[in-house]
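A short write-up of the structure that comes next.
Every chain is numbered from 1, with letters handed out A, B, ... down the list of sequences.
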Number of protein chains: 2
Amino acid sequence: MSYTYEYPHPAVTVDVAIFSIRHDALNVLLIKRALAPYQGEWALPGGFVEIDEALEHAAARELKEETGVDAGYLEQLYTFGRPDRDPRERVISVTYFALIPSDRLEIRAASDAEGVGWFPVASLPELAFDHAEILDTAFERLKAKLDYSTIAFQLMPATFTMPELRHVYEVITREEIDKRNFSKKILGLGVIEPTGEEKREGAHRPAKLYRVIDRSKVDVIK
Amino acid sequence: MSYTYEYPHPAVTVDVAIFSIRHDALNVLLIKRALAPYQGEWALPGGFVEIDEALEHAAARELKEETGVDAGYLEQLYTFGRPDRDPRERVISVTYFALIPSDRLEIRAASDAEGVGWFPVASLPELAFDHAEILDTAFERLKAKLDYSTIAFQLMPATFTMPELRHVYEVITREEIDKRNFSKKILGLGVIEPTGEEKREGAHRPAKLYRVIDRSKVDVIK
DNA sequence: TGACTTAGTGTATAAATTACACGTATAGTT
DNA sequence: AACTATACGTGTAATTTATACACTAAGTCA
């Protein structure tokens with residue numbers, strides 16, 4: 001079967017930069033390309049948009065198909081369209097930015113990828129296409145949004161301690177944060193509450209556990 | 001001539017929401033559609049991306065072709081891709097947000113539009129396609145960026161007075177702003193300087209004229 | 001020259017952010 | 001059982017930033 005148009009049409013893909021916290025570091029999910037071009041190289045999960053499919057749906061679908069991961073939080077990032085960004089044909093990529101809590105990052109078997117893996121943002125392999133640029137844009141978005149939104153909670157498991165949350169901020173901004181001021185600020189947002197439980201972990205005082213009050217209200221501040 | 005693909009390809013367009021200040025109001029540039037669908041209705045300037053053309057180039061080109069206007073400031077806004085947003089075929093629109101100073105908004109004769117016009121954002125006609133939604137997104141972006149960037153200067157002519165600049169902020173935010181605090185804040189940014197001239201305009205004390213020191217450095221604050 | 005109109009300017013208060021130190025609860029060791 | 005090591009939890013003072021607020025200055029016109 002083939003499809004014919006009066007004027008040339010670009011192909012449209014979606015690519016997803018999905019972040020998570022693993023082993024005290026910010027990680028991003030990559031797939032090893034099974035097919036040319038860039039065969040065997042690492043790339044962001046993504047693929048062609050179906051002709052009757054919403055863009056965001058395509059992003060979530062490709063992510064799931066290629067990596068087995070369900071995005072927790074998903075928002076459009078930017079559209080990359082340099083004419084020569086794909087050697088096959090003109091390809092315009094609508095990219096998405098995603099986050100997933102660290103207790104849900106199991107990778108399941110995927111069909112069209114030889115390999116799937118989480119990579120620390122600090123030590124990435126060479127990436128196919130312009131995916132390094134996409135990832136850089138996504139990382140900048142993440143850092144910017146830490147300041148004026150509450151998306152950081154999208155990286156946390158169902159319950160978490162204040163030191164764990166603070167550590168996530170520190171890992172992303174690469175800056176040390178004062179315990180007291182941080183706690184004051186976060187609690188002042190009014191979006192988390194103590195569970196009443198504690199987390200004992202090592203030879204020291206246990207930390208209180210918190211949970212997000214309403215997961216759907218985790219958005220822009222004020 | 002025709003173009004054939006193994007899989008269906010969407011069409012890709014660019015649409016531009018360009019704002020300016022006219023007669024003390026925020027205006028947006030619209031074109032009257034010469035062809036179906038939505039023939040005779042108003043729409044954002046835009047059109048199909050050439051197969052070897054950068055997206056931003058397409059946005060600037062369509063704007064110029066359809067309205068005769070050269071965008072001063074142009075940035076990507078969002079990509080709209082609802083499957084049914086165009087009745088002809090699947091069309092994905094990469095939209096752009098643009099600003100132009102109020103001393104450069106002459107409209108010249110355009111080829112594929114019966115009419116071109118500036119419309120106050122407060123009283124818009126019905127718009128074709130999903131252009132009302134695009135415009136709304138653009139307006140929200142403009143309001144947000146007033147707070148944390150210096151793009152407002154992109155709406156100003158080569159020289160302008162402090163009351164004129166303040167008025168631009170007031171018109172966009174629809175809030176009254178204190179003269180003294182505003183002046184303090186703007187001058188504190190260090191991006192404008194007095195020209196030494198004054199603007200006499202009516203039966204009252206003349207206002208000092210300012211200019212942007214370096215037009216290329218008008219960007220995000222801090 | 002007096003009346004009217006808008007421009008220009010500074011200070012005091014409130015709010016938000018930053019800096020900073022010690023007591024507490026646990027696990028492991030003796 | 002007592003001691004030690006380790007990370008957790010908490011409040012206040014100082015600084016910075018944002019907000020509120022009123023009078024004098026310079027021009028036009030009658």
Side-chain angles (χ1 to χ4, degrees), chain A residues 21 23-24 143-150 152 156-157 159-211 220-222, chain B residues 21 23-24 143-150 152 156-157 159-211 220-222:
Chain A
I21 304 289
H23 311 135
D24 286 352
K143 277 194 288 190
K145 284 207 135 182
L146 271 199
D147 268 348
Y148 66 86
S149 83
T150 55
M156 307 309 293
T159 67
F160 53 88
T161 68
M162 200 56 81
E164 283 167 352
L165 179 63
R166 183 161 42 86
H167 192 66
V168 167
Y169 274 79
E170 289 178 334
V171 155
I172 296 169
T173 62
R174 297 208 151 275
E175 278 177 34
E176 207 175 291
I177 301 170
D178 179 84
K179 280 205 281 202
R180 283 165 290 191
N181 294 339
F182 182 78
S183 169
K184 215 187 307 175
K185 185 175 154 182
I186 296 295
L187 293 175
L189 297 174
V191 301
I192 64 171
E193 64 188 3
T195 65
E197 308 281 300
E198 297 186 327
K199 186 168 191 172
R200 280 181 310 285
E201 187 185 35
H204 54 83
R205 178 174 180 177
K208 291 183 188 169
L209 280 165
Y210 293 87
R211 75 175 138 244
V220 174
I221 295 170
K222 233 165 279 172
Chain B
I21 302 290
H23 311 136
D24 287 351
K143 277 195 287 189
K145 284 206 135 184
L146 271 200
D147 269 347
Y148 66 87
S149 83
T150 55
M156 307 308 292
T159 67
F160 53 87
T161 68
M162 198 58 80
E164 283 167 352
L165 179 63
R166 181 161 43 87
H167 193 66
V168 167
Y169 273 79
E170 289 178 334
V171 155
I172 296 170
T173 61
R174 297 208 151 276
E175 279 177 32
E176 207 175 292
I177 302 169
D178 180 84
K179 278 204 284 199
R180 283 164 292 192
N181 294 338
F182 181 78
S183 169
K184 217 185 309 176
K185 185 175 155 182
I186 295 294
L187 293 175
L189 297 174
V191 301
I192 64 170
E193 64 188 1
T195 65
E197 310 279 300
E198 297 186 326
K199 185 168 192 172
R200 282 182 308 284
E201 189 186 34
H204 55 83
R205 178 173 177 175
K208 290 183 189 171
L209 281 164
Y210 292 88
R211 73 174 140 245
V220 175
I221 293 169
K222 233 170 277 167

Which residues in residues 201-210 of chain A have a heavy atom closer than 4.0 Å to any atom of DNA chain C?
A:G202, A:A203, A:H204, A:R205, A:P206
Between the base of C:dT18 and the side chain of A:K184, is there a donor-acceptor distance below 3.5 Å?
yes
Comparing B:D178 with A:K179, nearest DNA chain C nucleotide closer to 5' gives the residue B:D178
Whole angstrom is fine here: how far is it from CE in A:M162 over to C1' in D:dA7?
15 Å
Separation of atom CD in B:E198 from atom P in D:dA26, rounded to whole Å:
9 Å
Which is true for B:R180 with a 4.0 Å heavy-atom rule: it touches a base, it touches only sugar-phosphate, or it touches nothing?
base
Round to a whole Å and report the spacing from CG of A:N181 to C1' of D:dT12.
11 Å
When the C1' atoms of the five terminal pairs at each end define the local axes, what inter-axis angle does the helix from C:dT1-D:dA30 to C:dT30-D:dA1 show, to 10 degrees?
0°
Whole Å only: how far is the NZ atom of B:K185 from the C1' atom of C:dG10?
19 Å
Within a strict 4.5 Å, meaning less than it, do heavy atoms of the A:I192 and A:M162 side chains meet?
yes
May I ask you to say whether B:K199 pairs ionically with B:E164, meaning some side-chain N is under 4.0 Å from a carboxylate O?
yes
Take atom CZ of A:R200 and atom P of C:dG28, then tell me their distance rounded to the nearest Å.
12 Å
